[in-house]
2 protein chains.
Amino acid sequence: MSGRANAGQSTLRSSNSSLALERLREMLDQDLSATDRQLPTERELSETLGVGRRAVRRALEVLESEGRIWRRQGSGTYVGPAPDKSGPVIDGLSSRSNFFEVMEVRLRIEPALAQLAALRATEDDIRHLRDLTRKISEAQDADSRELWDSALHRYIAQTAGNTLFLALFNIVDKVRQDPAWHHVREMARSQESRVLYTDQHDTIVAAIERRDPAGAEAAARQHILSLHERLLAVTAGGLSHAS
Amino acid sequence: MSGRANAGQSTLRSSNSSLALERLREMLDQDLSATDRQLPTERELSETLGVGRRAVRRALEVLESEGRIWRRQGSGTYVGPAPDKSGPVIDGLSSRSNFFEVMEVRLRIEPALAQLAALRATEDDIRHLRDLTRKISEAQDADSRELWDSALHRYIAQTAGNTLFLALFNIVDKVRQDPAWHHVREMARSQESRVLYTDQHDTIVAAIERRDPAGAEAAARQHILSLHERLLAVTAGGLSHAS
DNA sequence: ACGGATTTGTCCGTATGTATC
DNA sequence: TGATACATACGGACAAATCCG
C-alpha cells in the first residue's frame with residue numbers, strides 16, 4: 001500500500017508551481033475587496049488546483065513575501081492588505097492610467113517598433129508608409145489628420161512583424177484613444193505643430209526605407225518626445241509634478 | 001521519416017522508435033476525447049510496445065514537441081490539449097517563432113522597467129528586491145528557483161510604478177508561461193547558468209539601489225540577452241543538430 | 001485550564017522522468 | 001540496448017501551533 005499515483009483527479013494541469021501561483025493570484029484579485037479573509041487549506045488548494053501540496057506551498061511562499069497573504073501555523077492562510085499596485089485586468093485600465101503612463105510606455109514601445117520595422121519592412125510596406133505620410137499631410141480637417149496619424153503608427157507596428165508586440169501596441173493605443181482624453185488631443189492638435197510632426201513622420205519613414213534601425217528608433221523617440229512635450233504644455237495647468 | 005508502411009505484423013524486431021511513435025499516436029487518437037489523462041509510465045510502455053526505453057523516450061520527445069503530450073519528472077506523462085490538428089507539420093516551429101517574439105519583446109520591455117524602477121524604488125522596494133535575490137540563490141530545487149526568479153522580475157515591473165506598463169508585462173509573462181513552453185523552460189533550467197543569472201540579478205538590483213537608471217537598464221538588457229542566448233542554444237539543440 | 005480538532009510546517013518513502021554509462 | 005544513478009514530485013505521517021468548546 002503505497003501512495004497511489006493521482007489516478008483519478010481530473011484537472012492535473014500543465015507544469016509546475018507557477019501555475020498554482022497564477023491561479024492563486026487570480027483568486028486574490030477576485031477577493032480584492034475582502035481583507036482578512038481566510039483561504040482554503042493547503043490540502044484543499046492542492047486538490048482544487050490539481051498540483052501537489054509542495055507546489056502550493058511554494059506559491060504561497062511567494063505571495064507571502066509579497067505581503068499579499070499571511071499564514072499562521074495551526075490557523076490557516078489569510079489574505080493581507082491588497083497592494084493596489086497589481087492591476088491584472090485590462091478593463092478599466094484607462095481609468096487608472098494617466099497621460100504620463102501612456103507617454104512613458106509609448107516612449108519605449110514605438111521606437112522599438114520603428115527599429116524592427118526598419119529591419120523587416122518590405123517594398124510594399126514602405127510604399128504604404130509613404131502613402132500614409134502623404135495622406136496625413138493632405139488631410140484637411142483635424143479629425144482625419146488624427147485618423148491617418150493613428151493609421152501610420154499602427155502600420156509601423158504591424159510592419160515590425162511581431163504579433164505579441166502588436167498586441168501590446170493595440171492595448172496602449174486603446175488606452176490612448178480613451179474618450180476621457182479627447183479634449184486634450186483636441187487642444188494639442190489645434191497647435192501649429194503639424195509641420196513638425198509631418199517632418200518627423202517623414203524622418204521615421206525615411207529611416208525605415210533606408211533600413212536604418214537606429215535612425216528609425218531615434219526618429220520615433222524624438223517624435224514621441226515632441227508629442228509628450230506638446231501634451232505637457234497643453235495640460236500644464238492640471239498636472240504638476242513631472243519629476 | 002521513412003517508410004511507415006510496415007504497420008502490419010512484421011516479425012522483424014525493428015525496435016525502432018518510429019514503431020513506438022506510431023503506436024503511441026494510435027493510442028493518443030483513441031483517447032483524444034479524454035484530455036488530462038495520464039499515460040502509462042515509460043517503463044510500462046517499453047514493455048507493452050516491446051521496444052527499449054530509449055525508443056519510447058525518443059517517441060515521447062517528438063510527441064511532446066508537437067504539444068500532444070507533456071511530461072513531468074516525478075509525476076508522469078500526460079496527454080495535452082488540442083489533439084485536432086490536420087496539419088501534423090511543424091507545430092514545434094510555431095512555438096519557436098513565438099519564442100523569438102517573446103524574447104524580442106522582453107528585450108525591450110524589461111530594461112525599460114528596470115530603468116523606471118531605479119527611478120522610483122522606495123527603500124522598502126529595494127529591501128524586498130534584495131530579499132528576492134537572496135531567495136533565488138538560496139533555493140534548493142529548480143522549481144522554486146524559477147518561481148522566485150519570476151517573482152523578482154515581476155516585482156521590478158511593479159516597482160516601475162506604471163500600471164499600463166505592468167499590464168503589458170503581465171501579458172508577456174502570461175505568454176511566457178504558456179504550457180507549450182514547458183519543454184524549453186525545463187531544459188533551460190537544467191543548465192548550469194545559475195551563478196551567471198544570480199550575478200546579473202545582483203547587478204540589476206544594485207543599480208536600482210544606487211538609483212542608476214542607465215545601469216539598471218543595461219544590466220537588465222544584458223540579463224535578457226543571456227537568457228535569449230541560453231534558450232536559443234536549448235531550442236537549437238532540441239530541434240536539430242547544433243552547429 | 002484543559003483537551004480534542006484543525007491547520008501549517010517538516011520529513012520521508014515511493015514512483016516517475018532525466019541523464020549517463 | 002540495457003542498466004544504474006540522479007532529480008523531482010506526490011502523498012502520507014508526524015510535529016508544532018492554533019482554535020474552539
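Convention: sequence-line order gives letters A, B, ...; per-chain numbering from 1.
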Closest to side chain of B/Ala142, choosing from D/dT8, C/dT8, D/dG11: D/dT8

Pair A/Gln38, A/Thr77: side-chain N/O donor-acceptor within cut-off below 3.5 Å: no

Length of the CD-C1' vector between A/Gln38 and D/dT18, whole Å: 11 Å

B/Arg71 vs C/dT18: side-chain N/O to OP1/OP2 distance below 4.0 Å: yes

Rounded distance in Å - CG (B/Leu45) to P (C/dT16): 11 Å

Nearest-angstrom distance from the residue atom CD1 of A/Ile69 to C1' of C/dG9: 14 Å

Gap between atoms CD and C1', on B/Gln140 and C/dT10 respectively (whole Å): 15 Å

N/O (side chain, A/Thr77) to phosphate O (OP1/OP2, C/dT8) under 4.0 Å: yes

Among C/dT8, D/dT18, C/dT18, the nucleotide that comes nearest once only the side chain of A/Gln73 is considered: C/dT8

Rounded distance (Å) that lies between atom P of C/dT6 and atom CD of A/Glu44: 12 Å

Listed nucleotide nearest any side-chain atom of B/Ser75, set C/dG17, C/dG9, D/dA9: D/dA9

Angle between terminal axes - the helix from C/dC2-D/dG21 to C/dC21-D/dG2, 5 pairs each end, rounded to 10°: 0°

A/Arg176, CZ atom: more than 12 neighbouring heavy atoms under 6.0 Å: yes

Residue B/Arg58, side-chain atoms from C-beta onward, closest of D/dT1, C/dT8, C/dG17: D/dT1

Nearest-nucleotide 5' precedence on DNA chain D, A/Arg53 against B/Ser46: B/Ser46

Parallel, tilted or perpendicular: ring planes of B/His228 versus B/Phe100, cut at 30 and 60 degrees: perpendicular

N-O pairing of B/Glu209 and B/Arg130 below 4.0 Å: yes

Atom pair distance, as rounded to whole Å: CH2 in A/Trp70 and P in D/dT18: 11 Å

Sugar-phosphate only, base, or nothing, as touched by B/Arg54 at under 4.0 Å among non-hydrogen atoms: base

SB check A/Asp125 A/Arg120 (cutoff 4.0 Å): no

Phosphate OP1/OP2 of D/dC19: any A/Arg72 side-chain N/O under 4.0 Å: yes

Sugar-phosphate, base or nothing in reach of B/Glu42, heavy atoms under 4.0 Å: base

B/His153 and B/His223 aromatic centres sub-6.0 Å: yes

Residues, nucleotides or ligands: over 12 heavy atoms within 6.0 Å of B/Gln140 CD: no

Exercise: do A/Thr163 and B/Glu101 side chains pair donor with acceptor under 3.5 Å: yes

Closest to side chain of A/Arg57, choosing from D/dT1, C/dG9, D/dA9: C/dG9

Nearest-nucleotide 5' precedence on DNA chain D, B/Gly74 against A/Gly74: B/Gly74

Rounded distance (Å) that lies between atom C1' of D/dA3 and atom CZ of B/Arg43: 10 Å

B/Asp141 CG - C/dC11 C1' separation (whole Å): 15 Å

